[in-house]
Amino acid sequence: MHTKIKKLMGRTRVLSRGAQLAIFILAGVGAFLLRFEFIIPAVHLQHLFFGVAVWAVVKSVVFHLHLLDRGWWRFVSTPDLVRIASA
């Protein structure tokens, strides 16, 4: 079990970037849902997929170039995540 934890801890950057990408995608989809009052017309689904794909790629690149994708997970505790999720 100890070696599995070490392997997981060695991949924190990959896990961090994966979490950020998931957050970016959820934010983009959430923006579309709010815009269309939680019922996205079929005509706009193509725009949703294209927009969220561009949004996630550009935002990931900008975060990487400005070093915003490093270390933020150190400052978030489990109670913080519970409060964020409940909000």
Trace of the side-chain contact (heavy atoms from CB on, under 4.5 Å) decision for Arg17 with His64: CA-CA 9 Å; Arg17 287 193 179 155; His64 178 72; 3.0 Å; yes
Between Gly28 and Val52 the two heavy atoms that sit nearest each other are C-CG2, 3.9 Å
Would His44 and Phe36 count as a close aromatic pair, with their ring centres under 6.0 Å? yes
For Phe49, which residues count as a ring-ring contact (aromatic ring centres under 6.0 Å, His included) partner, sequence neighbours excluded? none
Determine whether Val54 and Val62 fall in the same hydrophobic cluster, where Ile, Leu, Val, Met, Phe, Trp and Tyr are linked whenever their side-chain heavy atoms lie under 4.5 Å apart. yes
If you group Ile, Leu, Val, Met, Phe, Trp and Tyr by side-chain heavy-atom gaps below 4.5 Å, do Trp55 and Leu34 land in one group? no
Leu33: partners by side chain to side chain contact (heavy atoms under 4.5 Å, CB included), with sequence neighbours left out: Val29, Phe38, Ile40
Treat each ILVMFWY residue as a node, draw an edge where side-chain heavy atoms are under 4.5 Å apart, and state whether Leu21 and Phe63 are in one component. no
Looking only at heavy atoms, the pair that brings Ala56 and Phe24 closest together is O-CD1, 4.2 Å
